[in-house]
Amino acid sequence: MSRQRSQRLAVALITAVAVLVFVPVIAIIGYLIVSGIGALNWEFLTAMPRNGMKEGGIMPAIVGTLILTMGTALVSMPVSLLAAIYLAEYARDNRLTRTIRMAIVNLAGIPSIVYGLFGLGAFVLAAGFGTSIIAGSLTLGIMTMPVVISTAEEAINSVPQQFRTVSLSLGASKWQTIRHQVLPHALPGILTGMILGLSRAAGETAPILFTVAAFYVPTLPSSIFDQTMALPYHLYVISTQVPGMPLTIQYGTALVLLLITLTLTLLATGVRTTMRRRRDW
Amino acid sequence: MQPKISIQGVYYTYGDGTEALRNVSFDVLPHEVFVLFGPARSGKTTLLRLLNRLSDLTDDATLRGVITFNGASISGRSVDVFDLRRRISMVFAVPTPLPGSIRFNLTYGLQMAGMRDRRVLAERVEQSLQQAALWDEVKDRLDSSAMALSGGQKQRLCLARSLALEPEVILLDNPTSGLDPLSTNMVEEMLHDLSQRYTIIMVPHSVQQAARVADRAAFMLDGELIEVAKGERLFLHPQDQRTEDYITGRFG
Amino acid sequence: MQNKIEVSDFSFYYGDFQALNNLNIPIRARQITALIGPSGCGKSTFLRCLNRMNDTIPGARADGRVLLDGENIYEADVDVVTLRQRIGMVFQRPNPFPQSIYDNVAYGPRILGMARRGSLDQMVQESLEAASLWGEVRHRLKDPALALNPGQQQRLCIARAIAVQPEVILMDEPCSALDPVATLRVEDLMRQLVDSYTIVIVTHNMQQAARASDWTGFFWLGRLVEFGPTEAIFSSPQQELTEAYITGRRG
Amino acid sequence: MTTAPTTPPDSRSRRRGEAAIELLIWLAGVSAIAIVALIFFFLLREGINTFLDIPLRQLFGVRWYPIEDQFGLMPLLVGTFLVTIGAVVIAVPLGVVAAIYLGEIAPLWLREILKPLIEILAGIPSIVLGFLGWVALAPIIQNLGAPTGLTAFTGSLLLAYMSLPTIISISEDALYAVPKEYRDGSLAIGATQWQTIWRVVLPAARSGLVIAVMLGIGRVIGETMAVLMVTGNAANIPNFGLSMFFSPVRTMTATIAAEMGEVAQGSLHYSVLFGIGLILFLITFTVNWLATRLVGVEGARRQRGGRL
C-alpha cells in the first residue's frame with residue numbers, strides 16, 4: 001500500500017470513529033428534547049405533585065436541587081479557592097505538598113456512592129444532622145472540591161509568572177501580589193471550574209440518596225435541617241419505583257434536570273471564552 | 001565614599017548543587033552606571049536578582065557571603081524586604097507592563113505601599129514619565145491599556161514604573177534586548193541623566209553597549225568575577241586574558 | 001550560475017494579514033543564501049513557504065510562484081510529502097524525536113521505504129558523518145537523542161534531514177539556541193555541506209550571515225528590501241534601510 | 001553564613017491581616033488530607049465488622065443473600081468486572097481515536113463545535129443516561145435477541161459513553177502536550193500525516209494515554225446510578241462464556257445504592273455495605289497510585305483537572 005493511500009485510509013477510519021462518538025451525543029440530547037418538551041408547561045414547573053406524583057408538577061424537586069446547589073457552593077467554593085491558592089502560590093515541593101496533591105487526586109477518583117456513605121456516616125449520623133439539606137450540601141460540597149481546586153489551581157498557574165515578579169519587584173507583598181495581580185487574572189478560570197463543579201453536583205444522585213433526598217414531601221423545606229426532594233433522585237424514583245407512571249412526566253423530569261446541568265455547563269464555557277477574549281495578555 | 005551596595009565573598013548555590021556564583025566581591029558607588037557583562041549563564045542576572053532579593057522566589061538555593069545596602073546587610077531577618085525592593089527597583093529584559101492602564105502601572109507600587117493621596121500619585125505619574133522620556137507620547141492616554149504600547153514604549157513605561165517609587169538603585173537586566181535600535185538609543189542616552197539621581201546597575205545587551213554606557217564595569221564568567229575597572233580602562237586595556245578574549249572575540 | 005529555487009511575485013497571508021509582499025528571490029544552487037532582518041519581518045515565514053510547512057497553519061494562503069528546478073511547488077497537483085523530502089528543514093530549536101540517536105536518523109529512510117535493514121546502518125552512518133557527529137556518537141547510537149547536548153542535538157537534526165537525501169536544506173535560525181562553540185561547529189558544517197546541497201538560512205545574527213553565507217537578503221515588514229552577494233550587502237548596501245539595520249544594531 | 005529564606009520573615013510581623021489570611025490558606029490546603037483521612041475513618045468505623053464478623057472464605061463466596069445473612073461478594077465483583085471490561089473495550093478505542101481526530105485531523109471550525117459537545121456529554125447527569133438506557137436502550141438490546149434488555153452489556157455501553165469525556169479530554173491533552181517541533185520535524189522529512197501520528201506523536205504521548213485509560217476505568221468502576229438502572233440487578237454469577245455480557249448482573253456500587261435504604265443501622269448487612277464502600281475506596285487508591293507511579297503526582301493531578 002502506498003504511503004498516500006495508507007494516509008487516506010487512516011483518515012477515513014479515524015473520521016468514522018469520530019462520527020460514532022459524536023453522533024450519539026447529539027442523538028441523546030435531541031431525543032430527550034423531543035420526548036420531554038411536551039411535558040414542559042407552567043404547571044409542571046411550578047405545581048406540587050398530585051395523585052401519587054402521577055399528575056401535577058415537580059416544583060419541590062426543582063427547588064430542592066437549586067437549594068442543594070447553592071449549599072454546595074457555600075461549602076465548597078471558599079475552601080477550594082483557598083486550597084488552590086495554597087497549592088499554586090505557597091506550597092513548596094516537599095512531602096506535605098505531595099501528600100496534599102495525592103489526597104486531591106484520590107478525592108477526585110472516589111466513587112460518588114462512597115461519598116454518599118461518608119455523608120451518611122459523618123454528617124447524618126455522627127454529627128447528628130439527620131437526613132437534611134445541610135448533610136447533603138456538605139457531602140456534595142466535599143465531592144466537588146477536587147474539581148474546583150484543580151481548575152482553580154490551573155487558572156492561577158496560567159497567570160504569567162512575570163506579573164508576580166514585577167509586582168514583588170515593585171515592593172508589593174506576597175498576599176498583595178496574589179490579591180491584585182493573580183486572582184483578577186485567574187478569575188475566569190476559577191469561575192469556570194466552580195460552575196462546572198456545581199453542574200456536576202446538581203446532577204448527582206448517589207451522594208444524596210442517604211443524606212438528604214426525600215421520596216416525597218408535600219411541603220417545601222423550611223430549614224437546613226429538613227429533608228428535601230431533588231430532581232435526580234426524583235427521576236430515579238418515578239422511573240423505577242412507581243408503577244404506572246406516565247412516560248411524559250418521566251421524560252419531562254429528565255429534560256428539566258438536563259436543562260439545569262447543561263445551562264450551568266454552557267454558562268461555564270461561556271464565562272471562559274468571553275473573559276479569555278477580553279484579556280489582553 | 002561609602003559604597004551604595006557592597007558584595008563581599010558571595011557564593012550562590014542551587015538545590016541541585018550548581019554554583020551560580022562563586023566568591024564574588026565588588027562595590028557599587030553612588031551615582032554611577034555600573035555594568036555587569038559576560039557570556040550567557042555567567043551569573044549576571046542571578047546576581048542582579050540577589051540585590052533586591054527577588055532571589056527569594058527561588059526555592060532551595062543557598063546564599064553565602066554578605067551583601068550590604070547603605071552599609072546594612074540585606075539578608076537579615078529584620079530586613080523589610082518589600083521596602084528594600086522599593087528602594088532597589090528592577091527593570092526586566094522583556095518589557096512587562098502589568099495588565100491594566102498606564103496609570104495603574106505607574107501607581108501600583110506606591111498604592112501597595114499604602115500611598116493613597118491622589119495628588120501625590122498624579123505628581124509621581126507625570127514626574128516619572130517625564131524622566132523616562134515617555135510623557136509626551138502618552139500623556140493623553142494615561143487610562144488606556146499599557147499592553148497597547150509599542151515595545152520601546154513598554155520598556156520606558158517599566159522604567160518609569162520603577163522611577164515612580166523614587167528608588168535609590170535601579171537594576172536594569174538587559175533592558176534593550178527586545179528593542180529596535182532607535183528605542184535602544186533612547187534608553188542608553190537616558191542612563192547618564194538618571195545616574196545623577198540614582199545608582200544604576202545594568203546587565204547590557206552586548207559588549208558594545210557595555211562600553212558605551214559604563215562608568216565602571218565588571219566582567220563575569222561562569223559565576224566568577226574576573227575583573228572590575230573603570231569602563232574605559234576595562235574595555236581598552238583589559239588586565240585578564242579571558243576578558244580580552246571575550247571583548248575582542250568573534251562573539252559580541 | 002544556476003538557480004535551484006526561483007521565487008517570483010510571491011505573497012503570503014495569514015487570514016487577512018499579509019505576511020509576505022510580492023517577493024522575487026533567486027536561490028543559487030550549491031550556495032548558502034542568508035536571510036536577515038528584524039524579528040517579525042517575515043523571514044521565517046518565507047523559509048517555511050519554501051517547503052510548504054505553512055500548509056499546516058489554518059487560514060494561511062499563498063499567492064505567486066516558487067519554482068524548484070523550474071516547477072512551481074504551489075501547483076495543485078504537487079505532492080507536498082515528496083516536496084518536503086526534497087527540501088529538508090532544520091529548526092530554530094533542536095527537535096530530535098524522543099527516541100534513540102539511531103532511530104532519529106533512520107526515521108526518514110524508514111518511513112520513505114528507502115532502505116532495507118542492511119543498508120540502513122550504512123545510511124545512518126553516512127548521514128552522521130556528513131553532519132560531523134559520527135565520531136561523538138558512534139558508540140552510543142542506542143542512547144536517547146535527548147541526552148545529547150543542544151549543539152549535538154542540532155547536528156543530529158541536520159543528520160536526520162540529510163538522511164532522506166534532500167536537494168535543499170532550509171535552516172531556521174539553527175544556532176539561536178546554541179552556545180558560541182556549538183554555533184561555530186554548525187557554521188563549519190554548513191560550509192562542508194554546501195558542496196552537495198543548496199542551503200537557505202534565516203538568522204538574526206548579522207555576523208553569522210556575514211561569516212557563513214554567499215548571498216544575503218534583507219527583509220523588512222514582509223518585503224525584500226535588498227538582495228545580493230553577501231560581501232556587497234555588508235560592505236556597500238544600496239538601501240538606506242539595510243545600512244541602518246546593519247550598522248544601527250551594533251550588537 | 002546566611003540562607004535566603006523563601007517566606008519573607010517580615011511579612012507576618014508587618015501585616016497581621018495577611019498572616020491570618022495565609023494561615024487560612026494553609027489550613028484549606030491541608031484540609032484535603034484531613035478529608036481523605038475522615039472518609040477512610042468513617043468507612044472503616046461503619047464497615048469494619050464486615051471483615052471481623054464474616055470469615056474471609058464466606059466473604060468471597062458466591063452467594064449474596066442478605067436475608068439469610070449470606071454475604072458472598074463474588075457475584076458483585078464479577079458483575080463489576082464484566083461491566084467494566086465491556087465498557088473499557090468499547091470506550092478506549094473510541095476515546096483515543098476520537099482524541100486523535102480532534103487533535104490532529106478535524107479542521108479548526110469543527111473542533112470548535114465538537115469540543116463543547118464533549119463537555120455537554122460530560123455534563124449529562126448519570127441518572128439521565130441511566131433513565132434513557134432504561135426506557136430506550138434496553139428495549140433495543142432485547143430486540144436484538146437477548147432474553148432481557150437489562151444486561152451487563154447495556155451497562156457497559158452507557159458507561160462507555162459516560163467515560164468518553166474523561167478519556168477523550170485526557171488523551172487530547174496528552175497529544176497536545178507532544179511538542180509541535182516533533183510534528184514539524186517529521187513532516188519536514190517528508191512523512192505523511194498518518195506516519196507522523198503513528199510513529200512520532202502516539203509514542204511520545206504514550207504515558208498520557210495510559211493515564212487516560214486508567215482514569216476512564218476508575219470512572220467506570222465508580223459509576224452507580226446508570227448501572228443500577230440498566231444492568232438488571234441480579235446478584236448472581238452468569239455462566240462463563242461470551243453470553244455473560246448479555247446476562248443481568250449487579251455491581252458493587254449498585255448494591256450499596258439499592259440496599260442501603262432498607263437496612264437497619266448497625267446490622268451486619270449495614271456494615272457489609274460500608275465494607276463494599278471501603279473496597280471501592282481502596283480500588284480508587286490503587287488506580288491512582290499506579291497512575292502516579294507512571295506520571296508522577298503532578299501529571300496525575302493535571303490529568304485529573306481535565307476530568308469534569
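All chains are named by letter (A, B, ...) in the order of the sequence lines, taking the proteins before the strands, and each is independently numbered beginning at 1.
Contact check for Trp26(D) versus Ile85(A): no side-chain heavy atoms found under the 4.5 Å cut-off. Between Gln176(A) and Glu18(D) the shortest side-chain heavy-atom distance falls below 4.5 Å. Using a 4.5 Å heavy-atom threshold, the side chains of Phe285(D) and Ile110(A) count as separate. In this structure the side chain of Thr240(A) reaches within 4.5 angstrom of the side chain of Met229(D), judged on heavy atoms. Side-chain contact between Leu278(D) and Leu117(A): absent, with no pair of heavy atoms (C-beta onward) separated by less than 4.5 Å. With contacts defined as side-chain heavy-atom distances shorter than 4.5 Å, the pair Leu20(A)/Leu94(D) qualifies.
Separating the CZ atom in Phe123(A) from the CZ atom in Phe42(D) is a distance of 7.5 Å, to the nearest 0.5 Å. Interatomic distance, CD1 of Ile256(D) versus CD1 of Ile113(A), reported as 5.5 Å (0.5 Å rounding).
The choice from Leu24(D), Ile35(D), Ile25(D) that makes the most heavy-atom pairs within less than 4.5 Å of chain A is Ile25(D). With respect to chain D, the highest number of heavy-atom pairs below 4.5 Å among Leu266(A), Leu258(A), Leu262(A), Leu235(A) belongs to Leu235(A). Counting heavy-atom pairs closer than 4.5 Å to chain D, the top-ranked of the candidates Leu125(A), Thr97(A), Leu13(A), Val79(A) is Leu125(A). Looking only at heavy-atom pairs under 4.5 Å with chain A, the residue among Ile283(D), Leu121(D), Ile21(D) that has the most is Ile21(D). Interface remark: of the candidates Leu228(D), Ile221(D), Ile276(D), Leu228(D) forms the most heavy-atom pairs closer than 4.5 Å to chain A. No other option in Phe281(D), Phe274(D), Phe40(D) has as many heavy-atom pairs under 4.5 Å with chain A as Phe274(D). Chain D forms the most heavy-atom pairs under 4.5 Å with one residue out of Thr265(A), Thr205(A), Val19(A), Ile26(A), and that residue is Thr205(A). Most heavy-atom pairs under 4.5 Å with chain D, from the set Ala122(A), Ala206(A), Ser35(A), Ser199(A): that is Ala122(A). Chain D forms the most heavy-atom pairs under 4.5 Å with one residue out of Ile100(A), Val25(A), Val17(A), and that residue is Ile100(A). With chain D as partner, the option from Thr261(A), Val11(A), Leu247(A) having the largest number of non-hydrogen pairs under 4.5 angstrom is Thr261(A). The candidate with the highest count of non-hydrogen atom pairs below 4.5 Å against chain A, out of Thr253(D), Leu132(D), Ile100(D), Leu280(D), is Leu132(D). Interface summary for chain A: among Ile168(D), Leu129(D), Leu273(D), Val135(D), the most heavy-atom pairs under 4.5 angstrom belong to Val135(D).
Heavy atoms of Ile14(A) lying under 4.5 Å from chain D belong to its backbone as well as its side chain. Within the 4.5 angstrom heavy-atom criterion, only side-chain atoms of Ser31(D), from C-beta onward, approach chain A. With a 4.5 angstrom heavy-atom cutoff, Phe210(A) touches chain D only via side-chain atoms. Only the side chain of Ile142(A) comes within contact range of chain D, with heavy atoms under 4.5 Å apart. With a threshold of 4.5 angstrom between heavy atoms, Leu114(D) approaches chain A through its backbone and through its side chain. With a 4.5 Å cut-off on non-hydrogen atoms, Leu264(A) does not touch chain D at all. Looking at Glu204(A), there are no atoms closer than 4.5 Å to chain D (heavy atoms on both sides), in backbone or side chain. Heavy-atom distances place the side chain of Leu43(D), and not its backbone, under 4.5 Å from chain A. In this structure, chain D has a heavy atom under 4.5 Å from the side chain of Ile29(A), while its backbone stays farther away. Neither the backbone nor the side chain of Glu104(D) comes within contact range of chain A; no heavy atom of the residue lies under 4.5 Å from a heavy atom of that chain. Residue Leu81(A) does not touch chain D at all, counting heavy-atom pairs closer than 4.5 Å. Interface remark: Pro24(A) contributes side-chain atoms only to the contact with chain D (heavy atom separation under 4.5 Å). With a threshold of 4.5 angstrom between heavy atoms, Leu231(A) does not approach chain D through any atom at all. For a residue to count as touching a neighbouring chain, one of its non-hydrogen atoms must lie under 4.5 Å from one of that chain's; by this rule Ile178(A) does not touch chain D. Interface remark: Leu27(D) contributes no atoms to any contact with chain A (heavy atom separation under 4.5 Å).
Across Val128(D) and Ala254(A), no two heavy atoms sit closer than the pair CG2-O, 4.0 Å. Closest of all the heavy-atom pairs between Tyr86(A) and Gly29(D) is CD2-CA, 3.8 Å. The two residues Ile127(D) and Pro232(A) have their closest heavy-atom pair at CG1-O, 3.5 Å. Taking every heavy atom of both residues into account, Ser6(A) and Trp194(D) meet most closely at O-CD1, 4.2 Å. In this structure, Pro125(D) and Gly203(A) approach most closely via the heavy-atom pair CB-O, 3.4 Å. Leu82(A) and Ala28(D) make their closest contact through CB-CB, 3.4 Å (heavy atoms, listed as atom of the first residue, atom of the second, distance).
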Assess the residue pair Val21(A) and Ile118(D) against the criterion (side-chain contact (heavy atoms from CB on, under 4.5 Å)); give the C-alpha distance rounded to whole Å, side-chain angles, the decisive distance to 0.1 Å, and a yes or no.
CA-CA 9 Å; Val21(A) 167; Ile118(D) 297 175; over 6 Å; no
Do Val105(A) and Trp289(D) pass the side-chain contact (heavy atoms from CB on, under 4.5 Å) test, and can you show the C-alpha distance, the side-chain angles, and the key distance before you say yes or no?
CA-CA 10 Å; Val105(A) 170; Trp289(D) 182 75; over 6 Å; no
Would Tyr115(A) and Ile39(D) count as a side-chain contact (heavy atoms from CB on, under 4.5 Å) if you check the C-alpha gap in whole Å, the side-chain angles of each, and the deciding distance to 0.1 Å?
CA-CA 8 Å; Tyr115(A) 278 103; Ile39(D) 292 176; 3.9 Å; yes
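Residues passing the salt bridge (charged side-chain N to carboxylate O under 4.0 Å, His left out) test with Arg272(A), sequence neighbours excluded: Glu119(D). Every residue meeting the salt bridge (charged side-chain N to carboxylate O under 4.0 Å, His left out) condition with Glu223(D), not counting sequence neighbours, appears here in chain and number order: Arg219(D).
By the neighbour-count criterion of 12 heavy atoms within 6.0 Å, atom CZ of Arg179(A) is sparsely surrounded, having that number or fewer from other residues, nucleotides or ligands. Other residues, nucleotides and ligands contribute over 12 non-hydrogen atoms within 6.0 Å of the CH2 atom of Trp175(A).
In terms of modelled atom types and a separation under 3.5 Å, the side chain of Trp134(D) and the main chain of Ser239(A) share a donor-acceptor contact. Judged by distance alone, with hydrogens and angles left aside, the side-chain atoms of Glu46(D) form no donor-acceptor pair with the main-chain N or O of Gly121(A) at under 3.5 Å. For Thr192(D) (side chain) and Gln7(A) (main-chain N/O), no donor-acceptor pair under 3.5 Å exists by modelled atom type.
A ring-centre distance under 6.0 Å is found for Tyr251(A) and Phe131(D).
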